[in-house]
Amino acid sequence: MAPPIVRENDEIGQGGNPIPMEKKWVGYYYTLTMRTEAGEPNTQKNLVVARRYLLLDRLGAGGMGEVWRALDQVTQEQVAVKVLLASIAGAPTAELRFQREIEAMSRLDHPRIVPVIDAGRDPNVGLYFVMVLLKGQPLHEISAGWMSWGEMWPVIDQVLDALGHAHARGVIHRDIKPDNILIDPAGEPVLLDFGVARLKDQARSGTSAHDMLGTVDYAAPEQATGNRRRIGPWTDIYAFAIVLYELICGRLPFQAPSAVQSLMIRLDHGCPPLDPRQGFETPKGLWHALDSMMRPDIHERLNHVAEVRAALGALTEADVEVINPAPPSRLGLFSRRNEPPLQDPVTDEMVPEALASEDEAESILERRGTRFSENTDLRLVARPLEPPLRPPSMLGRDQLLMSLSRGLDRWYPSPQPGVLLIAGPAGIGKSRLVEELMLPFQAAGQIDTQRLPWPALNHTGHGLRDLCLAIVGALGMERSPMREQIEWWLRGRGVTAPEQRRFFIEWLMPEVEPAVADPASTPHKLAAFLRLVPSRGRPFALLLDALETLDREVLTLVTVVRDNKLPIVVVVSVRDPSTPHDPHAPPSWLAPATRPLPPLEDAAIRTMADEMVELEEEEREILVGAADGNPQRLVDALNGQRTRGLVVPAFPRWVKAPGWWRIGR
């Protein structure tokens with residue numbers, strides 16, 4: 001028998017008779033178990049995903065997917081398996097978003113973010129991924145017992161640390177709310193559900209330029225406008241401020257007849273006055289901190305988690321006051337728990353509130369009939385899923401990483417123009433080294449960065465102009481929204497004079513391309529633009545990835561930064577640090593700025609393999625030989641063994657496949 005459609009607070013029975021509903025936390029999400037008239041669980045058993053994950057019971061469902069508690073029959077560990085809802089399984093847009101969630105979570109390595117173990121496609125359920133199963137309670141249940149800011153702050157600070165880590169990795173959550181923050185049995189928070197996350201370095205990642213994703217009650221004003229190009233860390237900061245207000249006051253900050261009307265109020269208003277729960281000890285200055293996180297205008301809002309941690313952390317030393325001194329009541333903390341999604345996960349259309357609250361969960365066995373139809377455009381289908389796998393450490397590069405980190409630590413307090421070239425063949429670890437180098441400085445709010453794949457910018461022949469459009473967030477837009485986005489960005493940089501705005505707009509989006517480009521004008525215009533990029537006193541690191549060689553436009557960029565003494569460091573990942581257009585006259589800065597990455601020693605590859613997979617020595621040496629000093633080749637070799645059924649994904653290390661697994665393939 002298929003599992004029923006289950007809704008919170010529903011009482012469903014034949015002839016209108018109510019059926020008791022159990023609601024408890026056993027893992028990653030609520031377990032909602034409907035019982036039959038006889039009192040027995042009415043749940044589908046014995047369905048196995050990917051030949052190893054035996055589904056036990058459904059833990060929860062959202063707008064796109066549902067999560068099941070499952071038994072991993074290889075490791076005998078219980079795990080959480082997430083699959084697409086049957087109603088949208090097979091839809092290309094839904095699959096692309098599902099894959100983006102996996103990619104977002106796979107980028108993250110933080111103790112307060114649930115790790116991904118496995119991912120793939122199963123003939124019964126379609127796309128799936130597997131996570132560590134965590135036990136705990138949602139934030140809004142635990143927080144009912146907090147009666148002061150001092151009690152809240154340790155948990156709040158850890159959530160902010162996890163959020164800062166995600167932002168530094170280029171991941172914007174976009175759905176921060178109490179239900180997506182789990183408190184484990186040790187009292188530690190875990191950030192959940194990156195189902196609508198945005199990847200900052202993938203400007204066009206499966207959604208249109210204008211869409212609305214998230215939860216209405218916690219959505220920032222820029223989500224209301226639907227312009228995803230204006231989504232950023234500040235969007236998560238706004239949502240988290242609403243969460244804090246709700247925890248402190250016991251209600252949402254914006255009261256209106258409907259969630260959509262509440263959202264519209266946010267377009268013009270900051271944080272409303274605090275009305276804390278009875279007996280809650282409020283630090284002086286709390287409202288000002290929340291208001292700075294909830295300004296409708298992004299340019300006036302705190303836009304970095306480090307700024308938020310500093311502002312909220314200072315409140316632990318502030319004087320406190322009890323605004324509502326009546327005896328505390330810790331019951332009925334939240335008056336509104338229905339949060340309709342902003343948008344249909346497949347069609348990108350607004351979902352009416354009456355429909356948005358409906359549970360979309362259907363029988364998991366019905367998925368067999370939801371696979372691709374003959375009319376499916378296979379060009380839109382997500383690429384094949386693979387379990388997340390990358391070397392967990394920087395073995396063999398630690399000395400270089402430490403040296404570069406010391407240099408960056410000296411650079412950012414008094415930034416000067418700089419350039420750094422990380423050179424080496426594909427897969428040698430160039431991008432990973434840059435990522436690990438920048439991560440602590442980004443998370444601490446010391447440096448702003450933007451990572452851009454250079455080949456994607458330079459294919460039009462206007463690489464520098466496209467680079468500027470990418471920084472603005474306008475690359476690939478139609479002319480009208482492009483102009484609006486450029487003007488919005490310029491306004492945030494204090495460019496309000498009409499002639500100044502016209503100067504930049506005419507360069508970034510000319511009406512007609514000149515028949516003959518004026519090479520002398522580009523450096524001047526580029527320099528004027530780049531002066532605007534560093535904001536709020538933070539220096540800027542521009543990360544250009546995936547270069548084959550150094551072309552003229554990259555050299556022009558570096559020259560403009562150096563000649564104009566801009567507080568910008570240009571970091572380039574390049575296979576061959578040469579200048580093929582002029583090999584006999586390389587720039588003077590090229591040699592001292594270049595850090596070549598040679599192949600790793602076998603000892604480093606061996607240790608790296610041991611960190612990723614549990615194998616016998618002879619089997620491990622096969623991987624080491626296949627890697628030949630290249631970390632990506634090690635990953636490819638390990639994935640090859642997985643494809644052949646020799647190893648299987650597990651946590652914290654992959655393991656050798658049991659005999660029954662290999663025989664059954």
Closest non-hydrogen atoms of Ile428 and Pro599, given as atom of the first, atom of the second and distance, are CD1-CA, 3.9 Å
So, applying side chain to side chain donor-acceptor pair (under 3.5 Å) with Asp448, which one of Arg538, Gln442, Arg536 is it? Arg538
Under 3.5 Å: donor-acceptor pair, side chain of His165, backbone of Leu108: no
Give the C-alpha distance, both sets of side-chain angles, the deciding distance and a yes or no for side-chain contact (heavy atoms from CB on, under 4.5 Å) between Arg502 and Glu499. CA-CA 5 Å; Arg502 186 165 54 251; Glu499 63 275 9; 3.8 Å; yes
Charged N to carboxylate O under 4.0 angstrom, Arg301 versus Glu307? no
Is there a side-chain contact between Phe540 and Ser535 (heavy atoms, below 4.5 Å)? no
What I'd like to find out is whether the side chain of Arg169 reaches to under 4.5 Å of the side chain of Ser106, using heavy atoms alone. no
Straight-line distance of Leu530 CG to Asn564 CG, nearest 0.5 Å: 8.5 Å
Report the residue from Leu543, Asp551, Asp466 that forms a side-chain contact (heavy atoms from CB on, under 4.5 Å) with Trp454. Asp551
Atom CD in Glu222, atom CD1 in Ile298: separation rounded to 0.5 Å? 4.0 Å
If the threshold is 4.0 Å, N to carboxylate O, is there a salt bridge linking Asp545 and Arg451? yes
Any side-chain heavy atom of Leu160 within less than 4.5 Å of one from Phe240? yes
Do any N or O atoms from the side chain of Lys430 and from the backbone of Pro425 form a donor-acceptor pair under 3.5 angstrom? yes
Leu395 and Ala604 have their tightest heavy-atom pair at CD1-O, 3.8 Å
Does Trp489 have its ring centroid less than 6.0 Å away from the ring centroid of Phe504? no
So, Arg501 side chain and Thr496 main chain: donor-acceptor pair closer than 3.5 Å or not? yes
Derivation of the side-chain contact (heavy atoms from CB on, under 4.5 Å) call for Leu452 and Gln450: CA-CA 6 Å; Leu452 299 169; Gln450 186 141 2; 4.0 Å; yes
Kindly check if the number of other-residue, nucleotide or ligand heavy atoms within 6.0 Å of CZ (Arg483) is above 12? no
If I take atom CZ from residue Arg465 and atom CH2 from residue Trp507, how far apart are they, to the nearest 0.5 angstrom? 8.0 Å
Would you please classify the geometry between the His524 ring and the Phe503 ring as parallel, tilted or perpendicular, with 30° and 60° separating the classes? perpendicular
Between Asp628 and Arg633, does a salt bridge (Lys or Arg N to Asp or Glu O under 4.0 Å) hold up when you go through it step by step? CA-CA 8 Å; Asp628 193 24; Arg633 290 179 194 159; 3.7 Å; yes
Would a distance-only check, ignoring hydrogens and angles, find a side-chain to backbone donor-acceptor pair under 3.5 Å from His173 to Leu192? yes
With distance as the sole test, does Thr556 use its side chain to make a donor-acceptor pair with the main-chain N or O of Arg552 at under 3.5 Å? yes
Given side chains that start at C-beta, do those of Leu544 and Leu467 come closer than 4.5 Å, heavy atoms only? yes
Does the side chain of Met105 come within less than 4.5 Å of Pro115's, by heavy atoms? no
List for me each residue that meets side chain to side chain donor-acceptor pair (under 3.5 Å) alongside Arg295, sequence neighbours excluded, and say none if there are none. Asp291
Can you confirm whether the side chains of Thr549 and Asp576 place a donor and an acceptor under 3.5 Å from each other? no
Evaluate the side-chain contact (heavy atoms from CB on, under 4.5 Å) criterion for residues Glu95 and Arg121: first the C-alpha distance (whole Å), next the side-chain angles of each, then the deciding distance (0.1 Å), finally the verdict. CA-CA 11 Å; Glu95 294 210 344; Arg121 184 187 294 274; 2.9 Å; yes
Any side-chain heavy atom of Val569 within less than 4.5 Å of one from Pro415? no
Taking all non-hydrogen atoms of both residues into account, name the closest pair between Tyr238 and Ala220 and its distance. CD2-CA, 3.5 Å
What's the shortest heavy-atom distance between His462 and Glu553, and which atoms? C-OE1, 4.0 Å
Please determine whether side-chain contact (heavy atoms from CB on, under 4.5 Å) holds for the pair His304 and His167, giving the CA-CA distance in whole Å, both sets of side-chain angles, and the decisive distance to 0.1 Å. CA-CA 9 Å; His304 201 289; His167 293 169; over 6 Å; no
More than 12 non-hydrogen atoms from neighbouring residues, nucleotides or ligands closer than 6.0 Å to CG on Asp398, yes or no? yes
Taking only Lys NZ, Arg NE, NH1 and NH2, and the carboxylate oxygens of Asp or Glu, determine whether Arg174 and Asp236 approach each other closer than 4.0 Å. no
Under 6.0 Å between ring centres, would you say that holds for Trp488 and His299? yes
Pro539 versus Trp411, closest heavy-atom pair with distance: CB-CH2, 3.5 Å
Tell me, do Leu400 and Arg595 make a side-chain contact under 4.5 Å, heavy atoms counted? yes
Indicate yes or no for a side-chain donor-acceptor contact from Arg229 to the backbone of Leu475 under 3.5 Å, with no hydrogens or angles considered. yes
In Å and rounded to the nearest 0.5 Å, what is the CZ to OG1 distance from Phe529 to Thr522? 13.5 Å
Taking the six-membered ring where the residue is Trp, are the ring centres of Tyr128 and Phe98 under 6.0 Å apart? no
Which pair of heavy atoms, one from Asn630 and one from Gly427, lies closest together, and at what distance? OD1-O, 2.6 Å
CG of Leu469 to CE of Met509, rounded to nearest 0.5 Å, is 9.0 Å
Under-4.0 Å salt bridge between Lys82 and Glu101: yes
With rounding to the nearest 0.5 Å, note down the distance linking CD1 in Ile505 to CG in Leu508. 8.0 Å
Got Ile568 and Pro534 here, is their nearest side-chain heavy-atom distance under 4.5 Å? yes
Please walk me through it: do Arg230 and Gln485 pass side-chain hydrogen bond (donor to acceptor under 3.5 Å, both in side chains)? CA-CA 8 Å; Arg230 297 181 187 177; Gln485 180 72 9; 3.0 Å; yes
